[in-house]
Amino acid sequence: MITGGTRGIGRALTQRFFEDGYRVLFIYRDSVAEAENLERMGAVGYRCDIGNERELESVCQKILKEEEHVDILINNAGIASLGLFTETTDELWRRVRSVNLDGPLYLCRAFVPCMIRRQWGRIVNISSMWGQVGASCEVLYSTAKAGLIGLSKALAKELGPSGITVNCVCPGIIDTDMNRSVDAGIVEELMANIPVGRLGTVEEVAALCRFLAHEQSSYITGQILGINGGYVIT
Ligand code: NDP
């Protein structure tokens, strides 16, 4: 199960797992044409707003009814939010938090019981390097993503005895739509500080997630893995 499977990192994840022979379910919201393409390929799409608890609840019930089990959950869908902290509103905070943190938490709670029953599971939460170190003018986003790091660590401890690993991937600047609206000058400035000298690719993030979901990654849990070209080294 991959959230935000229609574009960017999620699209690469859907492709990668599908090519590796998995039955792939994905959640999306607006990209209907892209979802239809993926469905033609054989993946199964569920349309819902991750930030809307009622929609999420009904989609999870549907999935649990239609599928025997969900073994791998990748909480990838997320939204950015740029602006001065003093100009943020409660409404914006609720939106950023609900998509980036509440939704992933809800999905973990929905699918963990079937992983526990099977004593096997993989959860990968996609946070951000800004969740690790904080970003100016992205306070809400950084806060929600830091919450996802906390969720991953605590859940890893609770679910380890049940054969379920929980890890958190923190991408740096990856070449996707999410960064299209960022001023080109800012991207260039950021790039100048990336030791490997380029943006990351969606395929590189998908490969890391695929690795974490592998049978042989069973001893890696509760880890916060940066994939940022050396921009942030913790
Ligand atoms: P994109 O903006 O390229 O794609 C976002 C995906 O999430 C789309 O498939 C979109 O679906 C889906 N989505 C967004 N909001 C919702 C929602 N409310 N309900 C359901 N689906 C939703 O994002 P990226 O691929 O760049 O980012 C993926 C993840 O990686 C995010 O969590 C992001 O925070 C994180 N990340 C990205 C970085 C980057 O530089 N790109 C850096 C660090 C972290 P649809 O189009 O169908 O609406």
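Whatever order the structure lists ligands and atoms in, that order sets their numbers, starting from 1.
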Top protein contact for [atom], by heavy-atom distance:
| atom | answer |
| --- | --- |
| atom 25 (O) of ligand 1 | Ile9 N, 2.8 Å |
| atom 48 (O) of ligand 1 | Asp30 N, 2.8 Å |
| atom 10 (C) of ligand 1 | Arg7 NH2, 3.7 Å |
| atom 30 (O) of ligand 1 | Ile126 CG2, 3.4 Å |
| atom 9 (O) of ligand 1 | Thr6 OG1, 2.8 Å |
| atom 12 (C) of ligand 1 | Gly4 CA, 3.5 Å |
| atom 32 (O) of ligand 1 | Asn76 O, 2.6 Å |
| atom 26 (O) of ligand 1 | Thr176 OG1, 2.4 Å |

Select one of side chain, backbone, both or neither to describe which atoms of [X] lie under 4.0 Å from any atom of ligand 1, heavy atoms only.
| X | answer |
| --- | --- |
| Met129 | neither |
| Asn100 | neither |
| Ala35 | neither |
| Arg95 | side chain |

Counting heavy atoms only, which of Pro104, Gly5, Gly45, Ser31 is nearest atom 46 (O) of ligand 1? Ser31
Closest candidate by heavy atom, reference atom 38 (C) of ligand 1, pool Gly172, Ser128, Ala80: Gly172
Would you say that more than 12 heavy atoms from the other residues, nucleotides or ligands in this model lie under 6.0 Å from the [atom1] of [X], or not?
| X | atom1 | result |
| --- | --- | --- |
| Glu68 | CD | no |
| Arg54 | CZ | no |
| Glu39 | CD | yes |

By number and element, which atoms of ligand 1 are closer than 4.0 Å to a non-hydrogen atom of [X]?
| X | result |
| --- | --- |
| Asp177 | 3 (O) |
| Ile173 | 40 (O) |
| Ile79 | 15 (N) |
| Asn179 | 39 (C), 40 (O), 41 (N) |
| Ile50 | 17 (C), 18 (N), 19 (N), 20 (C) |
| Tyr141 | 33 (C), 34 (O), 35 (C), 36 (N), 43 (C), 44 (C) |
| Asp49 | 17 (C), 18 (N), 19 (N) |
| Cys48 | 19 (N), 20 (C) |

Which atom names give the shortest non-hydrogen contact between [X] and [Y], and what distance separates them?
| X | Y | answer |
| --- | --- | --- |
| Leu56 | Cys48 | CD1-SG, 3.7 Å |
| Trp120 | Ile164 | C-CG1, 4.0 Å |
| Ile227 | Glu204 | CD1-O, 3.4 Å |
| Gly10 | Ile2 | O-CG2, 4.1 Å |

What's the spacing between [X] [atom1] and [Y] [atom2] if we round to 0.5 Å?
| X | Y | atom1 | atom2 | result |
| --- | --- | --- | --- | --- |
| Leu212 | Thr221 | CG | OG1 | 9.5 Å |
| Glu203 | Leu13 | CD | CG | 10.0 Å |
| Ser58 | Ile63 | OG | CD1 | 9.5 Å |
| Ser31 | Arg47 | OG | CZ | 9.0 Å |

Can you check whether Glu66 reaches Leu25 side chain to side chain, under 4.5 Å on heavy atoms? no
Is there a side-chain contact between Ile220 and Phe211 (heavy atoms, below 4.5 Å)? yes
State if [X] counts as touching ligand 1 under the rule of any non-hydrogen atom under 4.0 Å.
| X | value |
| --- | --- |
| Lys145 | yes |
| Ser127 | yes |
| Trp130 | no |

For ligand 1, is there an N or O atom under 3.5 Å from any N or O atom of Ile174? yes
Please confirm whether Tyr28 comes within less than 3.5 Å of ligand 1 when only nitrogen or oxygen atoms on both sides are compared. no
Are any of the side-chain nitrogens in Arg7 or Asp30 under 4.0 Å away from the carboxylate oxygens of its partner? no
Less than 4.0 Å between a side-chain N and a carboxylate O, is that true for Arg16 and Asp20? yes
